[in-house]
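For reference, the structure discussed in these notes is given below.
Proteins come first, then strands; the chains are lettered A, B, ... in the order of their sequence lines, and each starts at number 1.
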2 protein chains.
Amino acid sequence: MKTYTIKEMSELYHIPASTLRYYEEIGLLVNVGRTANHQRIYTDEHIVRMDGITCFKNTGLPIAQIQEFYRYECDIPANIDAIIALVEKHEADTVRQIEKMQSDLLHIRHKVRFYQGIKKAIDNQTQWPDWNEI
Amino acid sequence: MKTYTIKEMSELYHIPASTLRYYEEIGLLVNVGRTANHQRIYTDEHIVRMDGITCFKNTGLPIAQIQEFYRYECDIPANIDAIIALVEKHEADTVRQIEKMQSDLLHIRHKVRFYQGIKKAIDNQTQWPDWNEI
DNA sequence: TCTTGAGTTCAAGTATACTTGAAGTGTTAC
DNA sequence: GTAACACTTCAAGTATACTTGAACTCAAGA
């Protein structure tokens, strides 16, 4: 069975080792083994968990709700409705968030074109562009 | 000229009035007028500014960088290169963020289908689905 | 007139998510 | 064998972005 040190995990997920210790402390990572010298040993179980945690975090789910999800996940049959409610809501929230960001991206791109137009006008000593004409 | 009270702004942007006062305190909102009774008066200038601020915030630009952007913006000719660098970088960051969220959304949707499959299996007393088969 | 509601300033407090420091142990490189 | 490095625990500190509380002013309605 493949195992991972804290440093390997840290490099794999581009997060400091302290964050991995913190996730364990707050119960997001569980069953983390130790060597004879008390060093943490992570397994593929933790890889799967970290993939889930980073996906949730990335899409803006607060730590408290990630904890809630994994608490439910300990007893799936007992909590299946709550689990489905949580992930379906988070799916909808994520879709909305992406749509909002896509429209914000258009706004940002408009700003980029606007200031590029101003730079061109400065360089050529011509009239500045108008926000609505660009 | 159309003006807005703090309450109207608060309702327009779905943020508490305290946040509008805070944005003014840290210099994100400037030239906010007052009535004879010291009540804030916002104008279309502030609407434009708030649209920019919410766009930047939404796409994850930290307040410190939003402040930086608007400090540059006070003297566009002097700072045009810095402004373009900032917005172009933020455009690229936003594109990356959207792409990451889109792939995270697939992960979330996989979870949704997985747990829906489990619920179906529980209801029908059949075998649970496998993560990789769904 | 009195109360309700909206606003004001200023300082202090809070929530979230880590991060850092201190003091120590064990393993590898020269 | 000793220095450098990686790791440990535990408590305390930090960064970001607001939020709340206290004490007050002003205008409108019953």
Base, sugar-phosphate, or nothing: which does [X] touch, judged by heavy atoms less than 4.0 Å apart?
{"X": "B/R21", "answer": "base"}
{"X": "A/I6", "answer": "sugar-phosphate"}
{"X": "A/T19", "answer": "sugar-phosphate"}

Is the phosphate of [N], meaning OP1 or OP2, less than 4.0 Å from a side-chain N or O of [X]?
{"X": "B/Y23", "N": "D/dA17", "answer": "no"}
{"X": "A/R34", "N": "C/dT25", "answer": "no"}
{"X": "A/R40", "N": "D/dC7", "answer": "no"}

Atom [atom1] of [X] to atom [atom2] of [N]: distance rounded to whole Å?
{"X": "A/Y4", "N": "D/dC7", "atom1": "OH", "atom2": "P", "answer": "16 Å"}
{"X": "B/L28", "N": "D/dT16", "atom1": "CG", "atom2": "P", "answer": "14 Å"}
{"X": "A/K7", "N": "D/dA6", "atom1": "NZ", "atom2": "C1'", "answer": "8 Å"}
{"X": "A/E24", "N": "D/dT8", "atom1": "CD", "atom2": "P", "answer": "9 Å"}
{"X": "A/F56", "N": "C/dT16", "atom1": "CZ", "atom2": "C1'", "answer": "18 Å"}
{"X": "A/E11", "N": "D/dC7", "atom1": "CD", "atom2": "P", "answer": "9 Å"}
{"X": "A/L20", "N": "D/dC7", "atom1": "CG", "atom2": "P", "answer": "11 Å"}
{"X": "B/E25", "N": "C/dC10", "atom1": "CD", "atom2": "P", "answer": "9 Å"}

Given [options], which nucleotide is nearest the side-chain atoms of [X]?
{"X": "A/H38", "options": "C/dC18, C/dT20, D/dT8", "value": "D/dT8"}
{"X": "A/I63", "options": "C/dA17, C/dT9, D/dC18", "value": "C/dA17"}
{"X": "B/N37", "options": "C/dT19, D/dT9, D/dA27", "value": "D/dA27"}
{"X": "B/K57", "options": "D/dT9, C/dT8, D/dA17", "value": "D/dA17"}

What verdict does the side-chain contact (heavy atoms from CB on, under 4.5 Å) test give for B/W131 and B/K111, after you've listed the backbone C-alpha separation in whole Å, the side-chain angles of each residue and the deciding distance to 0.1 Å? CA-CA 8 Å; B/W131 174 262; B/K111 281 193 194 289; 3.7 Å; yes

Judged by atom type as modelled, is there a donor-acceptor pair below 3.5 Å linking the side chain of B/S10 to the main-chain atoms of B/P16?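 It does not hold such a pair.
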
B/D130 side chain to B/N132 backbone, donor-acceptor under 3.5 Å: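 Confirmed, B/D130 side chain pairs with B/N132 backbone.
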
A/H90/A/F56 aromatic ring centres below 6.0 Å: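 Yes, ring centres under 6.0 Å apart.
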
Quick one: on DNA chain D, does A/Q39 or B/S18 contact a more 5' nucleotide (nearest heavy atom)? A/Q39

Do other residues, nucleotides or ligands put more than 12 heavy atoms under 6.0 Å from the NZ atom of B/K100? yes

